[in-house]
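None of the values given here were measured: they were computed from a predicted structure. As the structure lists them, so they are numbered: ligands from 1, and atoms in each ligand from 1.
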Amino acid sequence: MGGQVERWQYLNPGKTLAETLDISHKTLLYVEGVTVSFDGFRALNDLSFYVDIGELRCVIGPNGAGKTTMMDVVTGKTRPDQGFVFFGQSINLLELDEPRIAQAGIGRKFQKPTVFEQHAVAENLELAMAGDKRVWPTFTARLSGEQRDRIDEVLTIIGLTEQARRPAGALSHGQKQWLEIGMLLMQNPLLLLVDEPVAGMTHQEMDRTAELLLSLEGKHSVVVVEHDMDFVRSIAKRVTVLHQGSVLAEGSMDEVQRDPRVVEVYLGE
Ligand SMILES: Nc1ncnc2c1ncn2[C@@H]1O[C@H](COP(=O)(O)OP(=O)(O)OP(=O)(O)O)[C@@H](O)[C@H]1O
């Protein structure tokens with residue numbers, strides 16, 4: 001991570017990428033008029049989507065609605081044909097590559113957990129401080145007191161304090177998912193994109209995941225893409241419904257579930 005920060009500072013003396021962020025308008029993420037085509041098919045179609053500072057947003061929509069593509073665009077994996085994507089008012093994400101976007105403060109959790117199974121839970125968190133996974137095998141950090149405190153804090157947030165010394169490979173599926181969220185938290189992201197966090201979880205694990213995501217609200221902006229409607233209802237404040245690459249509806253869970261267009265789209269699935 002040090003190297004990346006230094007490179008950035010070379011371009012912007014005295015400032016890290018995250019320090020150039022302008023969030024004076026309380027909006028953290030701006031996705032505006034974004035279109036992505038795959039061989040002529042519009043996976044995103046003039047999509048506009050905004051996320052406020054510290055908000056927990058749920059994104060739902062039938063299969064193929066464009067949810068994953070939207071996250072791919074925000075994290076720099078897919079480049080749009082048209083539109084703007086800004087982090088705060090000042091950082092144009094379309095000018096940054098994937099590592100720089102992560103460095104600016106955007107963390108993404110994929111559906112399948114990718115923890116280092118042979119390493120202890122706490123070591124996984126330690127490694128995550130190094131940021132770029134490619135440098136993990138050679139990462140040997142001398143932890144400061146502050147960093148140890150952060151590891152303890154994150155272990156508490158993800159409810160794995162008692163598992164800290166166990167190899168990550170010995171954790172249950174749900175615990176691995178929480179560890180991976182913890183690994184993202186070690187980077188202190190301003191925005192967390194979380195893809196289907198409760199797929200394959202028991203009910204108990206789902207409840208715990210709901211608590212965990214709710215506890216992040218206010219400290220991080222969190223965008224959760226999820227198919228499980230009971231789970232979405234348990235955490236939802238504002239829900240965005242995507243359909244055919246655009247926003248079909250947005251509002252509280254009750255509002256979107258009452259919306260006849262949403263009902264039609266889901267019944268037609
Ligand atoms: N690389 C690609 N090449 C061609 N088509 C693609 C590609 N990626 C996505 N698509 C298509 O774009 C559309 C949107 O896909 P996307 O994965 O974003 O939807 P989604 O809402 O995440 O769906 P799901 O809920 O099933 O994961 C789909 O029709 C998909 O087949």
Do NZ/NE/NH1/NH2 and the carboxylate oxygens of [X] and [Y] come within less than 4.0 Å?
X      : Y      : result
Asp72  : Lys67  : no
Glu264 : Arg261 : no
Glu153 : Arg150 : yes

Could an N or O of ligand 1 be found under 3.5 Å from any N or O of [X], whether backbone or side chain?
X     : result
Thr69 : yes
Ala43 : no
Phe41 : no

Open item on the list: Would you say that more than 12 heavy atoms from the other residues, nucleotides or ligands in this model lie under 6.0 Å from the CZ of Arg79, or not?
Closed with: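 Atom CZ in Arg79 is crowded, with more than 12 foreign heavy atoms closer than 6.0 Å.
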TODO: Report yes or no: does Arg100 contribute a side-chain atom to a donor-acceptor pair with the main-chain N or O of Ala104 at less than 3.5 Å?
DONE: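 No; judged by distance alone, with no hydrogens or angles, the pair does not exist.
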TODO: Using a distance threshold of 4.0 Å (strictly less than), state whether atom 30 (C) of ligand 1 has a protein heavy-atom neighbour.
DONE: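 No.
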Open item on the list: Looking at ligand 1, is there an atom of it that comes within less than 4.0 Å of some heavy atom belonging to Gly66?
Closed with: yes
Taking [atom] as the reference point, the nearest protein heavy atom with its distance:
atom                    : answer
atom 22 (O) of ligand 1 : Thr68 OG1, 2.6 Å
atom 6 (C) of ligand 1  : Phe38 CD1, 3.3 Å
atom 26 (O) of ligand 1 : Asn63 OD1, 3.1 Å
atom 14 (C) of ligand 1 : Gly64 O, 3.3 Å

Task: Ligand-side contact atoms (ligand 1) for residue partner His227, heavy atom cut-off under 4.0 Å - done: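 What qualifies from ligand 1 is 25 (O).
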- [ ] Would you mind listing which atoms of ligand 1 come within a distance below 4.0 Å of any non-hydrogen atom of Ala65?
- [x]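 The list of qualifying atoms is 19 (O), 20 (P), 21 (O).
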TODO: Would you list the pairs meeting side-chain hydrogen bond (donor to acceptor under 3.5 Å, both in side chains) in which at least one residue belongs to residues 36-46, sequence neighbours left out?
DONE: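 Of all non-adjacent pairs touching residues 36-46, those that pass side-chain hydrogen bond (donor to acceptor under 3.5 Å, both in side chains) are Ser37-Asp81, Arg42-Asn45.
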Open item on the list: With a 4.5 Å cut-off on side-chain heavy atoms, are Glu180 and Thr114 touching?
Closed with: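 Thr114 vs Glu180: side chains touch.
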TODO: Report the part of Met70 in contact with ligand 1, treating N, CA, C, O as backbone and CB onward as side chain, heavy atoms under 4.0 Å; options are side chain, backbone, both, neither.
DONE: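 Looking at Met70 and ligand 1, no heavy atom falls under 4.0 Å.
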Task: Donor-acceptor side-chain pairing of Ser252 and Arg238 below 3.5 angstrom - done: no
